[in-house]
Amino acid sequence: MKENKLPKDYLIIDNTGRVKISPLFLKHANIQPSATIQFFNYKNYFVIKQIEASPVFLKKKMKLNNLIRTIDHLGYIVIPKILREIHDMNLCEKIGVKLINKSIIFYKKRKPNKSTSVLKESMEPELNKLSLLEIKEGKIRIPNFLLKSLNLEVNMQLQFFTKDQDTIVAKKHQYEFFTEGNLFSTGQSRVVNKDKCLNIPKKLRDYLNINNGDILEVKIIGDKLVIKKAI
């Protein structure tokens with residue numbers, strides 16, 4: 001691709017709160033024209049992910065979640081007002097955009113100073129260990145970079161723990177069940193299958209109220225795979 005066709009590292013919010021996302025970014029993030037998009041907010045940035053659901057389920061979800069929007073066939077999408085306020089983004093302002101791990105990341109652009117480098121140093125390492133994965137038939141497909149980061153292989157067994165009543169933690173099986181700090185053993189374990197999918201035990205899906213079609217926030221902390229239901 002020619003240099004002048006590369007996506008810019010910023011977008012401009014128009015006077016209706018919309019931004020136009022590059023077709024290249026949409027392609028790499030597997031976002032289709034006219035798709036339903038959910039926004040996920042983090043400390044210094046937010047992420048978008050295409051979601052799929054039946055019309056009835058989607059209508060119910062949209063009533064409960066004000067971070068769902070539709071992207072049009074030209075790539076325009078409205079950034080929810082609540083996110084613009086949280087991140088101090090104004091109409092007709094430039095905002096930063098990046099593509100990391102097949103996720104489109106938006107953040108407040110700062111004037112060139114020390115805070116820019118501090119933001120980059122704190123944001124990118126965290127994002128490089130983060131994935132938003134849809135659960136289907138009780139399973140999530142683990143991206144290669146996560147498998148590699150944890151040195152996981154196909155048919156390797158993972159042991160499940162719970163943490164803070166809203167988090168599942170998976171780590172390599174050690175053939176012992178123990179309590180480690182605020183991690184509590186569930187007695188559940190599963191293997192990463194040949195399709196690189198990991199089954200989340202039904203007991204744990206029920207515990208966190210995880211249903212098919214939900215988006216899970218999956219990231220690496222140390223030697224552990226940390227799984228939460230994205231909000």
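Being a predicted model, the structure only gives us computed values, none of them experimental. All heavy atoms count here, side chains included; hydrogens, waters and symmetry mates do not.
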Engineer: Could you tell me whether a side-chain N or O of Lys229 sits under 3.5 Å from a main-chain N or O of Asn209, the two making a donor and an acceptor?
Structural biologist: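 Indeed, once roles are kept as given, a pair shorter than 3.5 Å links the two residues.
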
Engineer: Which atom pair, heavy atoms only, marks the closest approach of Gly222 to Leu150?
Structural biologist: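 So the minimum-distance heavy-atom pair works out to O-CD2, 3.8 Å.
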
Engineer: Evaluate Leu83 against Leu67 for side chain to side chain contact (heavy atoms under 4.5 Å, CB included), listing each step before the verdict.
Structural biologist: CA-CA 8 Å; Leu83 290 180; Leu67 298 181; 3.9 Å; yes

Engineer: I need the Leu133 CG to Ile215 CD1 distance, nearest 0.5 Å.
Structural biologist: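 That separation rounds to 8.0 Å.
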
Engineer: Between Lys172 and Asp223, is there a salt bridge with N-O shorter than 4.0 Å?
Structural biologist: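 No salt bridge links Asp223 with Lys172.
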
Engineer: How about Ile95 and Ile13: do any of their side-chain heavy atoms sit closer than 4.5 Å?
Structural biologist: yes

Engineer: Ignoring hydrogens, what is the shortest heavy-atom contact between Ser34 and Thr70? Give both atom names and the distance.
Structural biologist: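 Where Ser34 meets Thr70 most closely, the heavy atoms are O-CG2, 3.9 Å.
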
Engineer: Short question: side chain of Gln157, backbone of Ser189 - any donor-acceptor pair under 3.5 Å?
Structural biologist: no

Engineer: Starting from Ile142, can I reach Met156 by hopping between I/L/V/M/F/W/Y residues whose side chains sit under 4.5 Å apart?
Structural biologist: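 Same cluster: Met156 reaches Ile142 through Ile, Leu, Val, Met, Phe, Trp or Tyr contacts under 4.5 Å.
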
Engineer: Do Phe161 and Val191 sit in one hydrophobic cluster, given that two such residues count as connected whenever their side-chain heavy atoms are within less than 4.5 Å of each other, even indirectly?
Structural biologist: no

Engineer: Asn144: what forms a side-chain hydrogen bond (donor to acceptor under 3.5 Å, both in side chains) with it, not counting sequence neighbours?
Structural biologist: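 Once residues adjacent in sequence are excluded, the partners of Asn144 under the side-chain hydrogen bond (donor to acceptor under 3.5 Å, both in side chains) criterion are Lys196.
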
Engineer: About how many Å separate CD1 of Ile168 and CG of Leu225, when rounded to the nearest 0.5 Å?
Structural biologist: 10.0 Å

Engineer: Test side chain to side chain contact (heavy atoms under 4.5 Å, CB included) on Val192 and Leu158; report intermediate values, then the result.
Structural biologist: CA-CA 8 Å; Val192 179; Leu158 296 180; 4.2 Å; yes

Engineer: From Ile71 CD1 over to Arg18 CZ, what is the distance, rounded to the nearest 0.5 angstrom?
Structural biologist: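 That separation rounds to 11.0 Å.
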
Engineer: Can you tell me how far CD1 of Ile48 sits from CD1 of Ile104, rounded to the nearest 0.5 angstrom?
Structural biologist: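 One gets 4.0 Å once the value is rounded to the nearest 0.5 Å.
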
Engineer: I need the minimum non-hydrogen distance between Gln32 and Gln50, along with the two atoms involved.
Structural biologist: N-OE1, 2.7 Å

Engineer: How would you list, by chain and number, every residue that makes a side-chain contact (heavy atoms from CB on, under 4.5 Å) with Leu74, sequence neighbours excluded?
Structural biologist: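 With neighbours one apart ignored, the set is Asp72, Tyr76.
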
Engineer: I'd like to know whether Arg205 forms a side chain to side chain contact (heavy atoms under 4.5 Å, CB included) with Ile135, so could you lay out the CA-CA distance, the side-chain angles of the two residues, the decisive distance to 0.1 Å, and finally the verdict.
Structural biologist: CA-CA 10 Å; Arg205 301 199 308 269; Ile135 186 163; 3.6 Å; yes

Engineer: In the hydrophobic cluster built from side-chain contacts under 4.5 Å, what are the other members alongside Tyr10?
Structural biologist: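 Result for Tyr10 is Ile12.
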
Engineer: In Å, rounded to the nearest 0.5 Å, how long is the span from CG of Asn44 to CD1 of Ile105?
Structural biologist: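 Between atom CG of Asn44 and atom CD1 of Ile105 there are 12.0 Å.
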
Engineer: Describe, in one word, how the ring planes of Phe39 and Phe46 are oriented to each other, choosing from parallel (under 30°), tilted (30 to 60°) and perpendicular (over 60°).
Structural biologist: tilted

Engineer: Check for a donor-acceptor pair, side chain of Arg84 on one end and backbone N or O of Ile79 on the other, with a separation under 3.5 Å.
Structural biologist: yes

Engineer: Determine, stepwise, if the pair Gln38 / Leu132 fulfils side chain to side chain contact (heavy atoms under 4.5 Å, CB included).
Structural biologist: CA-CA 11 Å; Gln38 182 161 358; Leu132 295 172; over 6 Å; no

Engineer: Ignoring hydrogens, what is the shortest heavy-atom contact between Lys49 and Phe40? Give both atom names and the distance.
Structural biologist: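 Answer, listing the atom of Lys49 first, then Phe40: CB-CE1, 3.6 Å.
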
Engineer: In terms of side-chain geometry, is the basic nitrogen of Asp166 or Lys228 positioned less than 4.0 Å from the acidic oxygen of its partner?
Structural biologist: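 Yes, charged N to carboxylate O under 4.0 Å.
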
Engineer: When you measure from the side chain of Asp195 to the backbone of Cys197, do you find a donor-acceptor pair of N or O atoms at a distance under 3.5 Å?
Structural biologist: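 No; judged by distance alone, with no hydrogens or angles, the pair does not exist.
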
Engineer: Got Leu204 and Asp206 here, is their nearest side-chain heavy-atom distance under 4.5 Å?
Structural biologist: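 No, every pair of side-chain atoms sits at 4.5 Å or beyond.
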
Engineer: Taking a hydrophobic cluster as the set of Ile, Leu, Val, Met, Phe, Trp and Tyr residues connected by side-chain heavy atoms closer than 4.5 Å, whether directly or through intermediates, do Ile37 and Val78 fall within one such cluster?
Structural biologist: no

Engineer: Which heavy atom of Gln188 sits nearest a heavy atom of Pro201, and at what distance?
Structural biologist: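 Heavy atoms of Gln188 and Pro201 come nearest at OE1-CB, 3.5 Å.
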
Engineer: Using the rule that two of Ile, Leu, Val, Met, Phe, Trp, Tyr join whenever any of their side-chain heavy atoms come within less than 4.5 Å, decide whether Leu198 and Val154 are in one cluster.
Structural biologist: no

Engineer: Would you say Asn212's side chain and Gly138's backbone share a donor-acceptor pair under 3.5 angstrom?
Structural biologist: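 Yes, because the side chain of Asn212 sits within donor-acceptor range (under 3.5 Å) of the backbone of Gly138.
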
Engineer: Near Ile86 CD1, under 6.0 Å, is it more than 12 heavy atoms from other residues, nucleotides or ligands?
Structural biologist: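 Counting neighbours around CD1 of Ile86, more than 12 heavy atoms of other residues, nucleotides or ligands fall under 6.0 Å, so yes.
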
Engineer: Roughly how far, to the nearest 0.5 Å, is CZ of Phe160 from CD1 of Ile200?
Structural biologist: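 Separation between the atoms: 4.5 Å.
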
Engineer: Between Glu93 and Lys108, does any side-chain N to carboxylate O distance fall below 4.0 Å?
Structural biologist: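 Counted as a salt bridge, because a side-chain N and a carboxylate O are separated by less than 4.0 Å.
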
Engineer: Write down the atom of Leu146, the atom of Ser131, and the distance for their closest heavy-atom approach.
Structural biologist: CD1-OG, 4.0 Å

